[in-house]
Amino acid sequence: MPKPTKGARFGGSPAHERLIMANLATDLFRHGRIRTTVAKAKRLRPLAERLITKAKKGDIHNRRQVLTIVRDKGVVHHLFTEIATTFAERPGGYTRITKVGARKGDNAPMAVIELVTEPLNVSTRRVASPAPAAEEPKAEETKAEEAKAEASEESEAPAEAKTEETPEAAADEAPAAEAKKDEA
């Protein structure tokens with residue numbers, strides 16, 4: 001059973017809090033970013049990411065589940081057709097919360113919650129597993145082989161004496177070897 005959050009609810013009752021979260025999610029999907037309090041942004045993030053995950057699946061069952069929360073059919077259509085296709089490759093982390101300071105009237109901490117628009121950079125993402133440690137000796141072996149290949153290329157040995165490791169390199173040097181034979 002989920003543990004309820006501590007402290008007072010945003011609207012006073014559970015029903016009012018659900019309405020507040022539904023309206024925040026609707027505005028987030030309509031505008032792409034909204035400015036709200038930090039507490040509301042932190043409570044909105046899991047709901048919005050769950051709805052985007054349902055939109056990525058795209059079937060009628062998930063569309064009806066999203067429609068129980070987001071009542072605007074135009075926003076749901078936008079979520080399923082445009083937002084879901086934008087996040088097709090992204091495994092999660094669809095939203096970003098940025099703190100922007102305090103509100104002028106009551107000094108409440110404010111934040112901007114927005115949909116992430118940058119493409120996913122796969123090269124910077126790292127997977128924590130013991131497999132990379134096992135691959136390090138292989139990388140050292142390939143570096144040693146490359147160093148040997150460079151040393152053999154720099155030497156003035158005849159082309160026939162060189163041992164090539166890849167067929168592409170052999171194909172590149174074959175015309176050069178034939179030209180040397182023709183000159184001799």
Visitor: A side-chain contact here means heavy atoms from C-beta on lying under 4.5 Å apart; do T37 and F10 qualify?
Guide: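 A side-chain contact under 4.5 Å is absent here.
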Visitor: Search all heavy atoms of L28 against all heavy atoms of I34 and return the closest pair with its distance.
Guide: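 Residues L28 and I34, closest heavy atoms: N-CG2, 4.0 Å.
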Visitor: Around R90, counting heavy atoms of other residues, nucleotides and ligands shown, do more than 12 lie under 6.0 Å from its CZ?
Guide: yes
Visitor: Heavy atoms only: give me the nearest K73-L67 pair and the separation to one decimal.
Guide: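 In this case the closest contact between K73 and L67 is CG-CD2, 4.1 Å.
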Visitor: Run the side chain to side chain contact (heavy atoms under 4.5 Å, CB included) check on R33 and L115 step by step: do they pass?
Guide: CA-CA 6 Å; R33 68 185 320 181; L115 299 174; over 6 Å; no
Visitor: Passes side chain to side chain contact (heavy atoms under 4.5 Å, CB included), K56 versus F80? Steps please.
Guide: CA-CA 7 Å; K56 281 173 57 175; F80 274 74; over 6 Å; no
Visitor: So, using salt bridge (charged side-chain N to carboxylate O under 4.0 Å, His left out) as the criterion, who are the partners of R30 when residues are at least two apart?
Guide: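 If we apply the salt bridge (charged side-chain N to carboxylate O under 4.0 Å, His left out) test to R30, skipping adjacent residues, the hits are D27, D72.
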Visitor: Any link between L19 and L47 through a network of hydrophobic side chains (Ile, Leu, Val, Met, Phe, Trp, Tyr) touching at under 4.5 Å?
Guide: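 L19 does not cluster with L47.
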Visitor: Which residues satisfy the side-chain contact (heavy atoms from CB on, under 4.5 Å) test with V100, sequence neighbours excluded?
Guide: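 For V100 the side-chain contact (heavy atoms from CB on, under 4.5 Å) partners, ignoring immediate neighbours, are R35, M110, V112.
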Visitor: Please walk me through it: do R96 and I113 pass side chain to side chain contact (heavy atoms under 4.5 Å, CB included)?
Guide: CA-CA 6 Å; R96 174 188 305 129; I113 182 167; over 6 Å; no
Visitor: With the side chain counted from C-beta on, respond yes when L79 and V66 share a heavy-atom pair under 4.5 Å apart, and no when they do not.
Guide: yes
Visitor: Side-chain contact, heavy-atom cut-off 4.5 Å: L44 with T36?
Guide: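 A side-chain contact is absent here, since even the closest heavy-atom pair is not under 4.5 Å.
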Visitor: Find out whether R71 and T26 are in side-chain contact, i.e. whether some heavy atom of one side chain is under 4.5 Å from a heavy atom of the other.
Guide: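 No, every pair of side-chain atoms sits at 4.5 Å or beyond.
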Visitor: What are the two closest non-hydrogen atoms of N62 and K57, and how far apart are they?
Guide: ND2-CB, 3.3 Å
Visitor: Quick one: are T85 and T81 in side-chain contact, heavy atoms under 4.5 Å?
Guide: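 With C-beta onward as the side chain, the pair stays apart.
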Visitor: Test side chain to side chain contact (heavy atoms under 4.5 Å, CB included) on R18 and I69 and set out the steps.
Guide: CA-CA 8 Å; R18 278 194 298 271; I69 297 169; over 6 Å; no
Visitor: Under a 4.5 Å cut-off applied to non-hydrogen side-chain atoms, are Y94 and T86 in contact?
Guide: no
Visitor: The criterion is side-chain hydrogen bond (donor to acceptor under 3.5 Å, both in side chains); which residues satisfy it with N107, sequence neighbours excluded?
Guide: none
Visitor: Atom CE in M21, atom CG in L24: separation rounded to 0.5 Å?
Guide: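 M21 CE to L24 CG: 5.0 Å, rounded to 0.5 Å.
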Visitor: Mark yes or no for whether R45, through its side chain, and T95, through its backbone, hold a donor-acceptor pair below 3.5 Å.
Guide: yes
Visitor: Can you name the nearest heavy-atom pair linking A84 to A55, along with the distance?
Guide: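 Heavy-atom minimum between the residues: CB-O, 3.5 Å.
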Visitor: Are there over 12 heavy-atom neighbours, none belonging to H77, within less than 6.0 Å of that residue's NE2?
Guide: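 No.
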Visitor: From E49 CD over to K54 NZ, what is the distance, rounded to the nearest 0.5 angstrom?
Guide: 14.0 Å
Visitor: Do T98 and E114 come close enough that some side-chain heavy atom pair is under 4.5 Å?
Guide: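 Side chain of T98 against side chain of E114, heavy atoms only: contact under 4.5 Å found.
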Visitor: Distance check, rounded to the nearest 0.5 Å: T117 atom OG1 versus I83 atom CD1?
Guide: 11.5 Å
Visitor: What are the two closest heavy atoms between S13 and R9, and how far apart are they?
Guide: C-CD, 3.9 Å
